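One structure below.
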There are 2 protein chains.
Amino acid sequence: MPARPSRHATILEVARVADASKTSVSRYFSGERERLSPALQRRISEAARQLGYRPNQMARGLKGGRSRLLGMLVADIRNPYSVAVMHGVEKACRERGFSLLVANTDNDPTQERTHLALFASYRVEGLVVNAAGSPAHELQDLVGQGLPLVLLDRWLEELEADRVGLDNELAVDMAIDHLRAQGYRQLLFLSQPVGLASPRQQRWQRFEQRLAGEPALDGERHDPALDGTAVSAIIEAFLARAGHPAAVLCANGNVTLAATRALQAQGIRLGEVGLLGIDELDWCGLVPPGITTLAQPTEAIGRAAVQQLLARLDDSGTTLPPRRTLFPPTLIARGSTRLPGTDNDQETP
Amino acid sequence: MPARPSRHATILEVARVADASKTSVSRYFSGERERLSPALQRRISEAARQLGYRPNQMARGLKGGRSRLLGMLVADIRNPYSVAVMHGVEKACRERGFSLLVANTDNDPTQERTHLALFASYRVEGLVVNAAGSPAHELQDLVGQGLPLVLLDRWLEELEADRVGLDNELAVDMAIDHLRAQGYRQLLFLSQPVGLASPRQQRWQRFEQRLAGEPALDGERHDPALDGTAVSAIIEAFLARAGHPAAVLCANGNVTLAATRALQAQGIRLGEVGLLGIDELDWCGLVPPGITTLAQPTEAIGRAAVQQLLARLDDSGTTLPPRRTLFPPTLIARGSTRLPGTDNDQETP
DNA sequence: TTGTATGCGTTATCAT
DNA sequence: ATGATAACGCATACAA
């Protein structure tokens, strides 16, 4: 028994024990086992097992420039949507032999910059970015250096990069069509502050576009901060002003949460005032009579991001134009968009 | 202007441009700027800026053995509890100059092993483990090699390591005390399959202990799989059998979700049958009349894990005995544990 | 099929 | 205060 239970065995030690050269051991662990004689393979295998040898990725990365690391920047990790997508990203990474370095920015551009620098220092081979906001500049630099980068959900107009996310126009169309078909005529579009977040902008604008083209529908839109009582006030004013039947269209999960709270606080029965939210959440079926949502294919979005990244990685050199991959949402109809007295055959909550 | 917009500037290039030696540049970026003359500092700073130089962590890790990487193994990343803790872990990491490598195991011991190997290959300096299940063996090895490791929430009895998590006994005590004080006398304890998950075991056992000591209370416990209709059946049978007032105690967030569904499906008003869940979730205030929960201090738990890890890292050598850090939950009382007709002054939903 | 020699970017040791 | 040089663990061109 060797005395030292030291830190980590190296390729050299394995070579010595196996009575082979560093090269052979290296080959053994680099998918070139076929080139070694069965006898040597066995010796190396045994030596490695005995020593608990694991190739050092740091050294590997240093030599070949291949860190086998992908980075993911998440704007808000406590958002279930982000986590769901991340789950897809991570699975796809694993399947392709990559590991995922995750950083949460809490929607803070400063942290975004910090983490970007960090990723760079670990020589990640690709980046999935769900950006907080502005720093198209540093991202631009990275892309300029040839780092594959895909923008997830949120994108910056100035930045020429691949994009993956929801088809926001389609989502708003589906929402409006559904509400219309269910008999609602007055629509309130509620968003978090639009600011620079592209999905918010797109949904916001599409709502206006569509309403302009639908004489049968009437509506308004607001983008309050969600922390105060603003949502409640807006809904109350809207309902006082609007004719019936009226409905609220929530631009994302956070808004759905806030709007549900507000409607409940006002003692309003869902359905009587319609409620439809973009983003499906665990509890949407639980609040009576169930909240209608547009679910995003989060897993698929995550996988697509990785796939796009690795595609770029493979044929680096050829400069394909930026590609955008948009996914359609799925309507999950529940009681919150069923007018009392109506008898549409909807999926039950 | 140099022609090549190549990949990454190295310390050597910076040294050349700054007309200095590699050593000086290294010192500049390793927190030893004081030892350099102001003039040299300026030259290096300028050269680095101009070249967009970033120290290569891979090379750093290779040389000094300091990867500045922490690994976190998560059993189920889609569980909001896990994410909340992870948020704390990540923040604490960042504050201490570490990066976090996250791996989700989806409760699969095989993936757990794979990811553990992976972490080892990246020479993470510490591990936060929210284990799927069994492989105390590989974890034991890592600990034996001197790798700081803290068990989060779930722990393996066989493994001598630091532990951080909720005080499960206290949680069950608080739950029972609250239900009792609210007038409930028949208790149904509902858990996910207990199996090897230590928190489930502890809560499960504590419930039985406590009930044995309380003649005024009566109860039973079950740990069905959550995917079928089992929960509904169990609740129905329990209510048929039990006298009133009866309450359901949910061992975690997933169970709370399932139980709420079941109670709703049976048209039971919450409160009339009590409902209390361990784990606070976004929507618990939304389902009328609000679901009472025991909230875990997730952020604090995450931070504590990192702190414990770094403490070990600092005084490696001294072999302190394993330490366990337990946090108390916070009761958030809502309508689901208020019997109709009662008039307790509870926090409103 | 197997081995030798060199270099990846950095820090540590030892000079000056 | 600054620099030269040797590792760190591995992959790879080249040689045998």
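Throughout, protein chains are lettered first and strands after them, A, B, ... in sequence-line order, and every chain is numbered starting at 1. Computed from a predicted model, the values in this text were never measured in an experiment.
For residues 20-45 of chain B, the set of pairs meeting the salt bridge (Lys or Arg N to Asp or Glu O under 4.0 Å) definition, not counting sequence neighbours, comprises B:Glu32-B:Arg35. Residues in residues 54-63 of chain A take part in no side chain to side chain donor-acceptor pair (under 3.5 Å) pair, two or more places apart or across chains. Legend: ring-ring contact (aromatic ring centres under 6.0 Å, His included) pairs involving residues 29-71 of chain A, not counting sequence neighbours, sorted by first then second residue: A:Phe29-A:Tyr53.
The distance from atom CZ of B:Arg33 to atom P of C:dT11 is 13 Å, rounded to the nearest whole Å.
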What string of B, S and - do you get for nucleotides 8-16 of chain D, 5' to 3', if B is base contact, S is sugar-phosphate-only contact and - is no contact with any protein heavy atom under 4.0 Å?
BBBBB-B--
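Residues satisfying the side chain to side chain donor-acceptor pair (under 3.5 Å) criterion with B:Gln307, sequence neighbours excluded, are absent altogether. The salt bridge (charged side-chain N to carboxylate O under 4.0 Å, His left out) test applied to A:Arg94 returns A:Glu90, not counting sequence neighbours. The salt bridge (charged side-chain N to carboxylate O under 4.0 Å, His left out) check on B:Arg16 picks up nothing, with sequence neighbours excluded. Take B:Asp153 and apply the side chain to side chain donor-acceptor pair (under 3.5 Å) test, not counting sequence neighbours, and it matches no residue. With sequence neighbours excluded, the residues satisfying side chain to side chain donor-acceptor pair (under 3.5 Å) with B:Asn104 are A:His87, B:Asp106.
Each end of the helix from C:dT1-D:dA16 to C:dT16-D:dA1 gets its own axis from five base pairs, and the two axes differ in direction by 30°, given to 10 degrees.
Put simply, A:Ser24 has no side-chain N or O that comes within less than 4.0 Å of OP1 or OP2 on C:dT1.
The OG atom of A:Ser45 sits 7.5 Å away from atom CZ of A:Arg49, with the distance rounded to the nearest 0.5 Å.
Heavy-atom distances under 4.0 Å link DNA chain D to B:Leu40 of residues 39-49 of chain B, given in residue order.
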Please tabulate, for side-chain N and O atoms in residues 65-77 of chain B, each donor-acceptor pair with protein atoms closer than 3.5 Å (sequence neighbours left out).
| residue | atom | partner | partner atom | Å |
| --- | --- | --- | --- | --- |
| B:Arg66 | NH1 | B:Glu125 | OE1 | 3.2 |
| B:Arg66 | NH2 | B:Glu125 | OE1 | 3.2 |
| B:Ser67 | OG | B:Leu69 | N | 3.2 |
| B:Ser67 | OG | B:Arg123 | O | 2.7 |
| B:Asp76 | OD1 | B:Arg78 | N | 2.9 |

